[in-house]
Amino acid sequence: MRNYAIGDALARFMRMRGYNVLHPMGWDAFGLPAEQYAIKQNVHPRVTTEQNIANFRRQIQMLGLSYDWEREIDTTDPAYYRWTQWIFLQLFNSYFDLVDKKAKPIAHLIHELQNENLVVGPDGSVHLNPTQEGLEAIFGDMRIERLWRELDEAEQRAVIDGQRLAYMDDAAVNWCPGLGTVLANEEVIDGKSEVGGFPVVKQPMRQWVLRISAYADRLADDLAELNWPESLKDMQRNWIGKSVGAEVDFDIDPASIPPAGAGEDDGLTVTVYTTRPDTLYGATYMVLSPEHELVLRITSPGNRAAVEAYRAAVATRSERDRLAETKDKSGVFTGAYAINPVNDEKIPVWIADYVLMGYGTGAIMAVPAHDQRDFDFATKFKLPIKAVVMPDDGWLKSTMSGKWKTLEPRIASEEMVMSVADLNDVVREKVEEWSAEEQDRMAGLAQSGDGHLLNEMRRAYRNHPEAFGAAFAGEGIAINSLAINDLATAEAKERMAHVLAAEGTGRKAVKYKLRDWIFSRQRYWGEPFPIILDASGNPLAVPEAELPVTLPEMADFRPTGTMDPPLSKAKDWINVTVDGKPAVRETNTMPQWAGSCWYYLRFIDPSNPNRFVDAEKEKYWMPVDLYVGGAEHAVLHLLYARFWHKVLFDLGHVSSPEPFQRLVNQGTILGEPEYTVFETAEKRAVSAADVEMVYEAASDVAEAKMKSSGETVFPRRVDEADVERMKDGWVLKADPGIRVDSRSYKMSKSRGNVVNPDQVVGEYGADTFRLYEMYMGPLEAQKPWNTRDIVGMSRFLSGVYRNLVGDEEAGKTATITDGQIPDDLDRQMHRTIKKVGEDIESLRFNTAIAELIKLNNEIGRMGAEVPRALAETFALLLAPLAPHLAEEIWNRLGHGESLARAAWPKFDAAKLVETTLELPVQVNGKLRGTVSVPADAGEEQVLEAAVLVGSVKPWLEGKTLAKRIYVPKKLVSFVVK
RNA sequence: GCAGGAGUGGCGGAAUUGGCAGACGCGCAGGACUUAGGAUCCUGUACCGCAAGGUGUAGGGGUUCGACUCCCCUCUCCUGCACCA
């Protein structure tokens, strides 16, 4: 509710300033939350959706929000989703041109293929025709690409369908049995569904997918120009996850793998992706993801059983279990060896679940000395660790110092002895014989930066990086790396890229974490796809003229319990005829986010039957000047909407490359603060200082345990009256030794701390409610609700009413005069006009309200008569924040017209100037008094007056005046000795 | 673990080119009006101290005539990401 109050206040303010304001409201009502609710209520989602919209609309109107209801839209209305489907067809009918880096119509792609500017690769990918590039001489004989005319119809079709921005794919998807649908990566948090928290498993399935990854670069780069919170931009950049590195080809040693079978190739190559090609010489083993396609082919007979068992174990483990075990590495050796292209070293090939199939190439070169994960793995499986980057001195010192300090002499590792042997010139003792004091002494020595010892440490690192107990992942100077020795990391990367390119064994590569957007949902309550599948399962677009494809009415809309969508039961709806041949409709529906990807455009022109938005109107209003929304949409709605918008922009349907110019996050409102005491099973209270929350692996369940004993303790809520504040925390009044936990929790039904706006508005009125929400503090911050505080705003408003209208209970009417505003009050009024205007503009509503309260208090002090000019100005200033009361005052002042369109008051800069200044006077930085001087007094005049101030004088007597400082119109400061 | 944000009275918060810390609201205390007050008005309210004065913006150090504000270290809380090679 808070964001609505904010948006409305700003909208009203801007209208009074003379702007055209588009301030609409709409309902994004398709999708899982709405459908889950309907299933729970056992009512058709259409019905529950309408009920919820009606209730929401009632609450919003109750608050007096100045929405333009003629622009109201509903994403579940066929007149709306007709255009959602239309935009889907735009995606379906376009592809991403890699040269121009933008979407273009698919017809253009076909044209380019027919003209043989483009050719088709063996995997169906599309490339520039090398013969057009004058490379025929080189590639002519061994051309692996094919020309368009060399493909049969089915192949042509597959190539085109594979290039669309909306395409069908068989990839492994996030199947959520609890919801009976597939989810997008963005909808899965910690291996569970964002909606409902159900487990999610990976499952191959044929799905509609949107090629958002093609836009990864532009989605990341264009963030720079947007006026959004940095944290939100970071979240999007992080999600897009761009990384620059290199791909390196490792040949598999043919002698180490089973001989090739029929139709199999002997010369196998595994390509790995790395961001640190400069560490290639330090690769001591290779790891493939367990799902990697070559795993079974390269596994030797002796290792087969172990490999298969491991693969099976990984496959059955849920995403969540896998995440829970990031500390403890697991994996098995395949028996195969790969050949490092830079030094022809043979390194063992392992499989391990810490390498994910979904990122990079699903295979890594492990450099244990310079990657902590590889280091952990190598340590566990006793694989070699080779240093190829020399760390900075600080790292060497603190790592070695830390290592020595925490050493337990009896179980000191072999490596440690070796490293000490290396440092022998300095350290003669054996590690085993060190006492605790000696450990401390050695740790201090390591930290001291002794030049000789430092040299020894460098030597030790070069030969025994494992002895330092941790990987060095930072940048440094390349060592033990023939081609790039002595180069700093950045240069070493460059140099290595050249070496690899020259050898043909590697190339620069850019990778993204962002995956394509899985767009099908096996649910009922969503937009049907405007797609028909022919007898071979090929997708055909429903002609634009036939849109919308309406959602069939179904009594049983529940998930089927299988992977078949509910729509598969609507037989009449499914079966259609195309060109006299039978075909079926796509039975998946679009996800929750589809409708909200473009609603801001429809608001501009909500009932246009001919276009999704009129082009002229779109140009006039877009982009959105201010978007007030929560950060929870950072990688969902806000990323998806930007993606759709960019596609529409590329295809020339909208005029701006970004939809939302300025965006602010409003903080959520938490429940009332709660106090919690922890007790043992025997109801003995323990201090919260001794309690920590322990999160069980693979679950969200937190248990409170005592730090000292490990005993489980239980929280119990205590009343505010039973606690008091001590110096460093809240304690029980009855037993001040017991600290209690004090915090506010998210509002939730289960916790029972939800505030019902209806009740608050019923008791205090809409204006008070709005004011309270805005007065709580900066809008970005999360704030606890505190019912006790509301009365302050209520008192303020009744004070305003008493001052400007009268006290009806006491039978007094305020007297409005035509007289002059007294000087003091006039100055205060102009100051308030200035401050309120500036504050609202920069969305600081809390301080704007504080300023109005001050002015009202002054008016109250003045007495019974209020000059009309002052009363009118006050009503206008109050109007954006508390519109109902402001309107009534305006009306009582004799205005027939609403003040919603009245002009915002202007302040007179001349009135702000003070004639006398009260300046603070400091002596040696301490405040000793104030001096009153005329505003136009010169420096010397002010300083002379300041010296004579009664409270200042004693501090100057008998001292030497060393310095006199006058900061104009701010303060006076004397330095004495 | 990594990244970002924050830490100011009993509570929500104000003050940022470095210049009177605690605006404004709540709460609390005292008083006025009142049959009554959970209405309204007035006064007070960071802490120690009778006072003079001293101390105070998470803790420690630094720069400065002067630091909530700038620099270094530490702690706590929030938010996001998390085996991303």
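Quantities reported herein were computed from a predicted structural model and do not represent experimental measurements. Naming convention: chains lettered A, B, ... in sequence-line order (proteins, then strands); numbering from 1 in each chain.
Nearest-nucleotide positions on RNA chain B for A:Ser231 and A:Ile790 put A:Ser231 closer to the 5' end. Nucleotides of RNA chain B nearest to A:Lys513 and A:Pro920 differ in position, and the one nearer the 5' end is that of A:Pro920.
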Residues 235-250 of chain A, side-chain donor-acceptor partners within the protein, below 3.5 Å, at least two apart:
residue: A:Gln236; atom: OE1; partner: A:Arg642; partner atom: NH1; Å: 2.6
residue: A:Gln236; atom: NE2; partner: A:Ala634; partner atom: O; Å: 2.7
residue: A:Arg237; atom: NH1; partner: A:Asp234; partner atom: OD1; Å: 3.2
residue: A:Asn238; atom: OD1; partner: A:Lys513; partner atom: NZ; Å: 3.3
residue: A:Trp239; atom: NE1; partner: A:Glu186; partner atom: OE2; Å: 2.9
residue: A:Lys242; atom: NZ; partner: A:Asp217; partner atom: OD1; Å: 2.7
residue: A:Ser243; atom: OG; partner: A:Tyr273; partner atom: OH; Å: 2.8
residue: A:Ser243; atom: OG; partner: A:Tyr359; partner atom: OH; Å: 3.0
residue: A:Glu247; atom: OE1; partner: A:Arg507; partner atom: NH1; Å: 3.1
residue: A:Glu247; atom: OE2; partner: A:Lys511; partner atom: NZ; Å: 2.9
residue: A:Asp249; atom: OD1; partner: A:Thr271; partner atom: OG1; Å: 2.8
residue: A:Asp249; atom: OD1; partner: A:Arg507; partner atom: NH2; Å: 3.4
residue: A:Asp249; atom: OD2; partner: A:Arg507; partner atom: NH2; Å: 2.6

Output side-chain donor-acceptor pairs under 3.5 Å for residues 666-675 of chain A, partner residues at least two apart or in another chain, one line each.
residue: A:Gln666; atom: OE1; partner: A:Gly630; partner atom: N; Å: 3.4
residue: A:Thr668; atom: OG1; partner: A:Gln782; partner atom: NE2; Å: 3.4
residue: A:Glu672; atom: OE2; partner: A:Thr787; partner atom: N; Å: 3.0
residue: A:Glu672; atom: OE2; partner: A:Thr787; partner atom: OG1; Å: 2.7
residue: A:Glu674; atom: OE1; partner: A:Arg751; partner atom: NH1; Å: 3.1

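The nucleotide whose nearest atom lies closest to any side-chain atom of A:Thr275 is, among B:rG19, B:rA85, B:rC65, B:rA85. Set against B:rG19, B:rU40, B:rA85, the side chain of A:Arg802 has B:rU40 as its closest nucleotide.
B:rU64 and B:rG12 have their C1' atoms separated by 34 Å, given to the nearest Å. If you take atom P in B:rU8 and the same atom in B:rC68, they sit 15 Å apart, rounded to whole Å. B:rU57 sits 22 Å from B:rA52 when the P atoms are compared, rounded to a whole Å.
In plain terms, the two heavy atoms of A:Gln828 and A:Lys854 that are nearest each other are NE2-CB, 4.2 Å.
Neither OP1 nor OP2 of B:rG25 sits under 4.0 Å from any side-chain N or O of A:Arg788. At the phosphate of B:rA85, OP1 or OP2 sits under 4.0 Å from a side-chain N or O atom of A:Tyr359. Proximity of A:Arg928 to the phosphate of B:rG53: no side-chain N or O atom is located under 4.0 Å from OP1 or OP2. Side-chain N/O atoms of A:Arg276 include none lying less than 4.0 angstrom from OP1 or OP2 on B:rA85. A:Arg373 has a side-chain polar atom (N or O) that falls below the 4.0 Å cut-off from OP1 or OP2 of B:rC84.
Helical stems in RNA chain B, defined as runs of 3 or more consecutive Watson-Crick or G-U wobble pairs with donor-acceptor distances under 3.5 Å: B:1-7 with B:75-81, B:10-12 with B:24-26, B:27-32 with B:40-45, B:46-48 with B:53-55, B:58-62 with B:70-74.
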